[in-house]
Amino acid sequence: MPKDAPVNAGASLEVVPLGPRQRVSEMQAKLHRWAVANPSRRFDDLFNLVHDPATLIVAFDRVAGNRGARTAGVDDLTVADVEERIGVPGFLDDLRAQLKTGAFRALPVREKKIPKPGGAGKVRRLGIPVIADRVVQAALKLVLEPIFEADFKPVSYGFRPNRRAQDAIAEIHFFGTRGYRWVLDADIQACFDEIEHAPLMDRVRSRIRDKRV
């Protein structure tokens, strides 16, 4: 398999009419299988999968199912507003057209400060994107996650699909019954505020060749 071989999966997804969830699931399975088979592979032609109608439908469902669906961004639109005032098909058609033509631009996020649990008066800054930006982010996640999942260590549990804190606890209990007696609890101070974007994006480029993504 060539190191920089393109995905070229867009056409094959259209052969048999499938429901959006099934199409996206099959797309993810293929990407993950290829990523596992070749750890050095860089993926091209992914942007077509990001703005595929099925991907955007599933992405909107993910956004609508989140607890923040009733929270608006700077445009004052909630998921309910999109469903009732605009209509989901028209909203996604317009979003897809913007993505395909390169006209899409993310809007500023609405900042909200919430108290940190046990933070002794400290607050955490939240950035609340508009619904359209959340859908695009969810679509990117649907395409990128199965690729990068192939590179994670089996003992990594944070922010990964089908993994919970209880799984990490079970891992600790497993090692605790095999002679291990110490657990190190550490935290990176203000990680999301201070993390360097350049090396982070370099890690993305190590797998993703499609510059549009």
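Since the model is a prediction, treat every value here as computed from it, not as a measurement. In what follows, every heavy atom counts, from backbone to side chain, and hydrogens, waters and symmetry copies are set aside.
Minimum interatomic distance between Leu95 and Ala132 (heavy atoms only, all atoms of both residues): CD2-O, 4.0 Å. Looking at every heavy atom in both residues, Asn162 comes nearest to Asp167 through O-OD2, 4.0 Å. Residue Val50 comes nearest to Leu56 through the heavy atom pair O-CD2, 3.7 Å, listed as atom of the first residue, atom of the second, then distance. Counting all heavy atoms, side chain and backbone alike, Pro20 lies closest to Ala54 at CA-CB, 3.8 Å. Of all non-hydrogen atoms in Pro129 and Gln137, the two that sit nearest each other are CG-NE2, 4.0 Å. When every heavy atom of Val135 is checked against every heavy atom of Ala59, the shortest pair comes out as O-CB, 3.5 Å.
The backbone N or O of His51 lies less than 3.5 Å from no partner atom in the side chain of Thr55, so there is not a single donor-acceptor pair. A side-chain donor-acceptor contact under 3.5 Å links Gln28 to the backbone of Leu142. The main-chain N or O of Ser206 is never found under 3.5 Å from a side-chain atom of Arg209 such that the two would form a donor-acceptor pair. Between the side chain of Asn66 and the backbone N or O of Gly68, no donor-acceptor pair lies under 3.5 Å. Proximity of a side-chain donor or acceptor of Arg212 to a complementary backbone N or O of Asp45 within less than 3.5 Å is not detected.
Heavy-atom contacts from other residues, nucleotides or ligands closer than 6.0 Å to CZ of Arg21 number 12 or fewer. The environment of Arg203 atom CZ is sparse: at most 12 non-hydrogen atoms of other residues, nucleotides or ligands sit within 6.0 angstrom. At most 12 heavy atoms of other shown residues, nucleotides or ligands fall within 6.0 angstrom of atom CD1 in Ile188.
Partners of Pro154 under the side-chain contact (heavy atoms from CB on, under 4.5 Å) rule, at least two apart in sequence or in another chain, do not exist in this structure. Partners of Glu111 under the side-chain contact (heavy atoms from CB on, under 4.5 Å) rule, at least two apart in sequence or in another chain, are Lys113, Arg125. Remark: Val155 pairs with Lys153, Glu171 by the side-chain contact (heavy atoms from CB on, under 4.5 Å) rule, at least two apart or across chains. Annotation: salt bridge (charged side-chain N to carboxylate O under 4.0 Å, His left out) contacts of Asp151 (sequence neighbours excluded): Arg207.
Considering only heavy atoms from C-beta on, Val74 stays 4.5 Å or farther from Val109 through its side chain. Between Arg134 and Val79 there is no side-chain heavy-atom pair separated by less than 4.5 Å. Between Lys100 and Asn48 the shortest side-chain heavy-atom distance does not fall below 4.5 Å. Residues Phe43 and Leu31 are in side-chain contact: their nearest non-hydrogen atoms beyond the backbone lie under 4.5 Å apart. Using a 4.5 Å heavy-atom cutoff, the side chains of Leu107 and Asp133 are in contact.
Taking CZ of Phe47 as the start and CG of Leu99 as the end, the distance is 5.0 Å to the nearest 0.5 Å. Atom OG of Ser156 is separated from atom CD of Glu149 by 8.0 Å, given to the nearest 0.5 angstrom. Considering CG of Asn38 and CZ of Arg33, their distance stands at 14.0 Å, rounded to 0.5 Å. Of the inter-residue distances, the one linking Ile208 atom CD1 with Leu144 atom CG reads 5.0 Å to the nearest 0.5 angstrom.
Both tests do not hold together for Arg62 against Phe60: distance to the six-membered ring centre under 6.0 Å, angle to the ring axis within 45°.
Within the structure, the ring-ring contact (aromatic ring centres under 6.0 Å, His included) test picks out the following pairs touching residues 128-178 (sequence neighbours left out): Phe175-Tyr180. Within the structure, side chain to side chain donor-acceptor pair (under 3.5 Å) contacts touching residues 68-95 (residues at least two apart or in different chains) are Thr78-Asp81, Asp94-Gln98.
Taking 4.0 Å as the cut-off between side-chain N and carboxylate O, Asp52 and Arg96 do not count as a salt-bridged pair.
Note on Val136: it clusters hydrophobically with Val204, by side-chain heavy-atom contacts below 4.5 Å among ILVMFWY residues. If you chain together hydrophobic residues whose side chains sit under 4.5 Å apart, Val63 and Val88 fall into the same group. Phe104 and Ile86 fall within the same hydrophobic cluster, defined by Ile, Leu, Val, Met, Phe, Trp and Tyr side-chain heavy atoms under 4.5 Å apart, directly or through other members.
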Point to revise | Pair Val213-Val143, side chain to side chain contact (heavy atoms under 4.5 Å, CB included): steps then yes or no | key: CA-CA 10 Å; Val213 174; Val143 174; over 6 Å; no
